[in-house]
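The first residue of the sequence shown is numbered 1, and numbering continues consecutively from there. No experiment lies behind these values; they were computed from the predicted model shown.
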Amino acid sequence: MKSSPATRAIAPRAVVAGDDFTEFPFDEGPLADDGPLGWPGYSAAHARASARTGETESVVCGTGGIGGVRAVLISFEFGFLGGSLGERTGARVAAAHARARARRLPVVVLPATGGSRMHEGMRALLQLQLLAGESALTRAAGLPQVAVLRDPTTGGGWATLGAGSDVVLALPGAQVGFAGSRVRPPDADPAAYTAEAQLAHGHIDAIVAPDALRDTLGRWLSLLTRPAEGPVAPPRALGDPDTPPAADGREAVARARHAERPRAAAYLDAHFSVLEEISGDRAGGVDPGMRCGFGRLPDGRTVAYAAQCGTATRPAGFRTATRLVRLADRLGIPVLTLVDTPGAANDPAAEHAGAGPAIADLFAAVATARVPVTSLLIGEGGSGGALALAAPGNLWATPDSYFSVIAPEAAASILKRPPEESAATADQLRLRPRDLLDLGVVRGIVEG
């Protein structure tokens with residue numbers, strides 16, 4: 001697959017307003033002695049690349065303002081020896097990360113690279129450890145990292161700065177994969193090594209057109225650097241405020257399952273003025289029934305959210321929510337979760353994908369979060385698949401919801417009761433919002 005100039009030619013100045021980019025000074029001087037391996041002709045090739053591109057290495061680093069947020073930008077120049085990573089590349093990127101930590105700035109990296117530079121052998125490959133270490137230090141400092149994948153992003157550049165970022169965006173049609181085009185199996189489908197394929201399999205968050213990139217980056221940086229303070233209040237109920245409370249368990253279940261009952265999308269749109277979403281579990285899966293991302297409150301501050309959409313939650317959904325909670329925790333952003341699922345998916349595919357470990361990991365992420373987590377039950381609360389997303393001690397409920405240790409139908413089956421007794425079983429389970437309040441399961445029932 002050929003590289004596309006349209007998806008390569010996004011330099012730092014192209015993503016900041018006007019000329020608001022200040023490059024960090026680097027003056028390594030001309031490359032001497034054909035590098036650490038004495039690779040014949042390497043110094044000459046390096047000089048030609050410099051003359052051709054106007055750059056002195058394969059990466060340009062500096063600071064710029066994007067959407068009103070100052071950030072450190074790291075942009076690769078593919079025209080310089082294929083954007084390959086050598087020792088000087090690693091040194092520049094390391095220095096850029098160090099400056100970001102010293103100035104408390106987010107990092108935006110724009111890879112366009114074929115991987116490690118062969119002319120420097122293992123000395124070049126070792127740069128991947130350096131880059132991964134610097135990224136980890138920036139992560140530990142609580143600073144966000146956003147990647148914009150350009151064409152191509154392959155090899156170690158993808159497996160460190162690209163895939164290792166908190167939010168991963170990509171330009172349309174960009175070649176993205178660990179294996180570059182010349183080292184894949186001869187019968188490999190090139191479509192598998194695209195940004196679109198990586199999005200479908202949960203490895204990147206979104207594909208962004210070049211003309212929308214600046215605005216999209218601005219929103220992301222604004223959201224990730226302006227956290228709300230303290231625990232967030234639960235959203236107001238969106239159902240009909242004149243509807244009386246459910247008379248019994250069967251009515252509560254029927255209301256929560258009603259097709260016209262407000263779902264996560266309605267709550268997110270009503271609660272936030274701006275939304276940006278992450279996608280995928282970074283392990284090959286995407287669950288459209290779990291929406292995760294960051295939203296802006298009316299006061300301009302940011303809240304992270306993980307919202308079930310009323311379907312059986314799949315392992316990829318639990319893992320994506322875990323990723324969201326841990327990212328928000330690291331960035332100091334409070335979390336809102338919306339609970340609405342009949343339960344965890346229990347088909348063979350879900351078991352093969354690790355339903356149990358995925359649920360366990362989400363329980364642990366919510367339980368150990370240092371930022372406040374607020375949860376609102378907006379529909380069905382089906383057993384552990386719902387409880388995993390609920391904040392201990394800070395769960396609220398809408399009037400048209402229920403929470404149960406198990407679905408009434410399943411409870412009747414386990415008790416060897418006929419299906420027609422599931423309604424009576426629902427009453428016995430005490431799953432109405434009023435029951436949940438009396439049992440101390442929820443803190444309160446929100447009003448419209």
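Minimum heavy-atom separation, A197 to A191: CB-O, 3.2 Å. D400 approaches P262 most closely through the heavy-atom pair OD2-CD, 3.7 Å.
Note that CG of L436 is 8.0 Å distant from CZ of F403, once rounded to the nearest 0.5 Å. For the atom pair OG (S375) and CG (L336), the distance works out to 7.5 Å, reported to the nearest 0.5 Å. Between atom CG of residue D215 and atom CH2 of residue W220 there is a gap of 15.0 Å, rounded to the nearest 0.5 Å.
Among the candidates L377, I378, T374, the single residue satisfying the side chain to side chain contact (heavy atoms under 4.5 Å, CB included) test with W396 is T374.
The neighbour count for F178 CZ, taken as heavy atoms of other residues, nucleotides or ligands under 6.0 Å away, does not exceed 12.
The existence of a salt bridge linking R250 and D427 is confirmed by a sub-4.0 Å separation between a basic side-chain nitrogen and an acidic carboxylate oxygen. Between E277 and R291, at least one side-chain N (NZ, or NE/NH1/NH2) sits under 4.0 Å from a carboxylate O, which counts as a salt bridge. Using a cutoff of 4.0 Å between basic side-chain nitrogens and carboxylate oxygens, R319 and D287 are not scored as salt-bridged.
No side-chain N or O of T153 forms a donor-acceptor pair with one of Q175 less than 3.5 Å apart. For the 3.5 Å distance criterion, the side chains of S279 and D205 fail to qualify, holding no donor opposite an acceptor. T302 and R226 share no side-chain donor-acceptor pair at under 3.5 Å. A donor-acceptor pair shorter than 3.5 Å can be found between the side chains of R417 and T425.
For F272 and Y305, the gap between ring centers is short of 6.0 Å.
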